[in-house]
Amino acid sequence: MKKIYYEAGSKIRFLREEKHYTREHLAELADISPKFLYEVENGQKGFSADTLYRLAEALDTNSDYILFGKYRGKIYDEAQRILNLFEEPKKRNCYRNN
């Protein structure tokens, strides 16, 4: 199986375990079988865009994170830029107090 499926499956398993979901529970939320989820998590099977979307929704993430390991896109980049604006004054104040 292709490397991308193995890496995506590893991220799905990591997120599932982080949420303390059983494989059966996540499979039910994503409307797939537990056996298929096992095969996805272990990189043995590929998956459709629809399955990727349902898994991402069930895990409260997005497909970019599952496929690439990070959030990407204009909306995320803009949100990150705005968050950084709030972090900068905190860092400057930290240096002034020392």
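Quick note: residue numbers are just sequence positions, from 1.
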Would you list the pairs meeting ring-ring contact (aromatic ring centres under 6.0 Å, His included) in which at least one residue belongs to residues 30-64, sequence neighbours left out? Tyr5-Phe47
Supply the atom-to-atom distance Tyr6 OH to Glu41 CD, rounded to the nearest 0.5 angstrom. 11.5 Å
Just jot down the side chain to side chain contact (heavy atoms under 4.5 Å, CB included) partners of Tyr21, sequence neighbours excluded, or say none. Arg16, Lys19, His25, Leu26, Leu29, Leu59
From Ile32 atom CD1 to Glu39 atom CD, the distance as rounded to the nearest 0.5 Å: 10.0 Å
Thr61 side, atom OG1; Leu15 side, atom CG - distance, nearest 0.5 Å: 5.5 Å
Nearest 0.5 Å, please: how far is CZ in Arg23 from CD1 in Ile12? 11.5 Å
Under the rule for side chain to side chain contact (heavy atoms under 4.5 Å, CB included), what residues qualify as partners of Glu28, not counting sequence neighbours? none
Over all heavy atoms of both residues, which pair between Ser63 and Ala56 is shortest? Give the atoms and the distance, please. N-CB, 3.9 Å
Note: Glu17-Arg13 ion pair, threshold 4.0 Å (strictly below): no
So does Asp64 get a backbone contact from the side chain of Asn62, meaning a donor-acceptor N/O pair under 3.5 Å? yes
About how many Å separate OG1 of Thr51 and CZ of Arg54, when rounded to the nearest 0.5 Å? 4.5 Å
Locate the shortest heavy-atom distance separating Ala30 from Leu55; write the atom from each residue and the value. CB-CD2, 3.7 Å
Value rounded to 0.5 Å, distance of CD in Glu18 from NZ in Lys11: 13.5 Å
